[in-house]
There are 2 protein chains.
Amino acid sequence: MDRELLLLGVLRQQGMHGYQVHEFIDRYLASCTDLKKPTAYFLLDKMAKAGWITAEQVQEGHRPPRRVFRLTAAGEAEYQRLLRENLSAYVPAYFTSNIGLAFLDEVPAAEALARLDERRRHLAAELAVAQAAPPHPGSLQWLVEHRVRHLQAELDWLDELLGRIRQRLAGA
Amino acid sequence: MDRELLLLGVLRQQGMHGYQVHEFIDRYLASCTDLKKPTAYFLLDKMAKAGWITAEQVQEGHRPPRRVFRLTAAGEAEYQRLLRENLSAYVPAYFTSNIGLAFLDEVPAAEALARLDERRRHLAAELAVAQAAPPHPGSLQWLVEHRVRHLQAELDWLDELLGRIRQRLAGA
DNA sequence: TATTGAATACTCAATATTGACTATTCAATA
DNA sequence: TATTGAATAGTCAATATTGAGTATTCAATA
């Protein structure tokens with residue numbers, strides 16, 4: 001439902017063919033979503049079938065014809081509906097990559113410290129990239145800003161965790 | 001990869017049949033994952049085929065035979081490997097439910113405020129539930145504590161966003 | 001003791017997602 | 001002007017996920 005909103009919101013500003021849509025999202029929202037190319041095409045097909053977007057075939061040279069997608073009136077209505085629904089509802093995100101924390105005590109503290117230290121480096125690098133990103137067009141900035149805040153909170157928490165493990169090691 | 005780690009980590013402590021595994025995760029880690037029942041069965045089948053766990057058929061009454069899953073030596077090795085990999089790597093989580101922020105400016109500020117206020121209520125309720133949860137066995141607590149921290153950070157950010165929109169409204 | 005509703009336990013078809021492709025175009029350079 | 005490598009554009013089979021079931025057991029109560 002949310003990816004549909006994203007695609008509708010992007011197409012709404014400008015008709016685009018599939019690769020272009022994916023490119024746009026990958027350029028400006030890489031830190032915020034992981035929408036893969038085949039998923040984008042799948043969703044575009046689905047939305048075309050649902051009548052939310054039209055697909056205008058454009059032939060160029062010998063390549064397979066591109067389809068340029070544009071919102072229909074139904075698509076615009078759906079966009080408005082999805083956007084409001086999305087803003088009103090909070091749907092929790094899940095962090096599969098943190099599952100390991102559930103079994104942290106199974107790893108000797110010294111090794112856990114080293115592993116989490118490596119994790120910290122990855123996280124800090126991610127944050128640096130997000131912060132260094134060029135300014136984003138329109139209100140995309142809100143989403144990216146949220147991302148930065150989240151990464152910062154993650155880093156803070158990881159630092160506290162590392163501190164606690166260090167204390168435990170020192171005490172033992 | 002991470003759900004496999006979760007299932008291995010749970011089965012490692014005690015052999016269980018499918019429903020039991022799902023129950024356990026749903027009880028103690030509901031705030032942290034959304035592993036659905038059919039997915040759990042799918043992954044258990046896969047891990048059994050891979051030789052990470054054994055499936056002992058147990059017939060009881062007229063119900064379809066339960067399969068009690070237990071780690072094999074290969075499963076234990078895989079668990080150790082996955083756990084270390086998981087702790088070392090940071091894989092970003094994506095927040096599909098925040099996509100709407102990318103199009104926040106398309107909604108009149110007064111309405112956006114009302115919508116985000118409703119979102120805030122949902123989020124605060126979620127946080128209250130997570131904080132009120134009974135203490136978790138073993139190191140599961142780390143994961144749940146992380147969850148609480150994350151929800152708190154989300155709430156802080158949402159409050160800041162609401163403040164900015166209110167200012168904008170007042171200034172206009 | 002019959003009936004009902006909840007809890008237990010699992011399955012299946014429909015849907016979504018992904019890794020690993022193919023094929024074309026374009027620009028640089030050998 | 002061939003050749004090569006990168007960027008563009010899209011597809012497909014394999015895999016994963018889910019909503020909506022089925023079927024059994026159990027406990028309460030009518």
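Throughout, a chain's letter reflects where its sequence line sits, starting with A, and its residues are numbered from 1.
Checked against ring pair (Phe, Tyr, Trp, His ring centres under 6.0 Å), Y28(B) has the following partners two or more places apart in sequence or in another chain: F24(B). Shown here are the salt bridge (Lys or Arg N to Asp or Glu O under 4.0 Å) partners of R121(B), two or more places apart in sequence or in another chain: there are none. With sequence neighbours left out, the ring pair (Phe, Tyr, Trp, His ring centres under 6.0 Å) criterion links H146(B) to F95(A), W157(A).
Salt-bridge annotation for R66(A) and E56(A): absent, with no side-chain N of the basic residue lying under 4.0 Å from a carboxylate O of the acidic one. The existence of a salt bridge linking R12(A) and E106(B) is confirmed by a sub-4.0 Å separation between a basic side-chain nitrogen and an acidic carboxylate oxygen. A salt bridge does not link R115(B) with E118(B): none of the charged nitrogens is closer than 4.0 Å to a carboxylate oxygen. Checked for salt-bridge contact, D117(B) and R166(B) meet the test: a charged N lies under 4.0 Å from a carboxylate O.
R3(B) places its CZ atom 12 Å from the P atom of dT18(C), with the value rounded to the nearest Å. Rounded to an integer number of Å, the gap from CG of L44(B) to C1' of dT11(C) is 14 Å. As a whole-Å value, the separation of H17(B) NE2 from dA9(C) P is 4 Å.
Applying a 4.0 Å cut-off to non-hydrogen atoms, the residues of residues 30-43 of chain A that approach DNA chain D are K37(A), P38(A), Y41(A), listed by residue number.
None of R120(A), R164(A), E154(A) except one satisfies the side chain to side chain contact (heavy atoms under 4.5 Å, CB included) rule with D159(A); the exception is R120(A).
Among the protein residues, H22(B) comes within range of no part of the nucleic acid, since none of its heavy atoms lies under 4.0 Å from any strand.
Along DNA chain D, read 5' to 3', the first and last nucleotides having any atom under 4.0 Å from a heavy atom of chain B are dA16(D) to dT25(D).
Looking at heavy atoms from C-beta onward, R3(B) lies in side-chain contact with T96(A) at the 4.5 angstrom threshold.
Side-chain contact of R119(B) with N98(B): a donor-acceptor pair under 3.5 Å is present, judged by distance alone.
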Q. According to the Watson-Crick and G-U wobble definition with distances under 3.5 Å, which dot-bracket string, read 5' to 3', encodes DNA chain C, using [ ] for crossing pairs and | for pairs with another strand?
A. ||||||||||||||||||||||||||||||
